[in-house]
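Notes to accompany the following structure.
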Amino acid sequence: GNSVTQMEGPVTLSEEAFLTINCTYTATGYPSLFWYVQYPGEGLQLLLKATKADDKGSNKGFEATYRKETTSFHLEKGSVQVSDSAVYFCALSPVAGGTSYGKLTFGQGTILTVHP
Amino acid sequence: GAVVSQHPSWVICKSGTSVKIECRSLDFQATTMFWYRQFPKQSLMLMATSNEGSKATYEQGVEKDKFLINHASLTLSTLTVTSAHPEDSSFYICSATLFYRGASEAFFGQGTRLTVV
């Protein structure tokens, strides 16, 4: 079956530091890949996504590139802010555009704390 | 973007009672919605797929008689936790899939924190 493995946290950084959160996946076919962010007490918000190999998703300074050869989708940001403190989830969906799209398999989540 | 609303955002109930959680797509129709459960400091686990007009599809290990799902309209799915017990305390999140221009995207509700005492 499908699975997603995320770098274990928590991750603690100083403001303006560089962020990398590793994510690798196991899936058949060509899944779509996502990063979601969850702020305390809230639901999930889509941060970025990529639907095919070599696609780069980006949003709010965050980037991730769909690497099929290494089955990875690592999240990066060049300069983090205190407001980026949250839990980040890597996820995959089996088929882009199919009726099962949205049926997500999540990684375990990585808690990011950014200090001033 | 599209909005999915969950209600209530939190609920406390006594053991043995039932609790209903609603998931609404506010500005789009969703034939399929998904229910997830999140344990403290853990990831989200898919519980079931809610299908409008038909029975829900449950993931392995999820008790369908305990977690009743009804998807009576294209904008509303409900999850009822029957005869709740403290071990059912958790954060429940729904999502709905919006299809557009040959693409699709999942939108999540804000979640419901259930505490069974």
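All chains are named by letter (A, B, ...) in the order of the sequence lines, taking the proteins before the strands, and each is independently numbered beginning at 1. In what follows, every heavy atom counts, from backbone to side chain, and hydrogens, waters and symmetry copies are set aside.
Taking the side chain as every heavy atom from C-beta outward, A:Val114 and A:Gln81 never approach each other to under 4.5 Å.
At most 12 heavy atoms of other shown residues, nucleotides or ligands fall within 6.0 angstrom of atom NZ in B:Lys55.
Using a 30° and 60° split on the angle between ring planes, A:Phe73 and A:Tyr66 fall in the perpendicular class, above 60°.
Only the side chain of A:Leu46 comes within contact range of chain B, with at least one heavy atom under 4.5 Å from a heavy atom of that chain. Interface residue A:Gln38: only side-chain heavy atoms are found under 4.5 Å from chain B. B:Leu44 touches chain A through backbone and side chain together, each having a heavy atom under 4.5 Å away. Contacts of B:Gln6 with chain A are absent, with no heavy-atom separation under 4.5 Å from either backbone or side chain.
Between B:Met33 and the options B:Ser95, B:Cys94, B:Cys23, a side chain to side chain contact (heavy atoms under 4.5 Å, CB included) holds for only B:Cys23.
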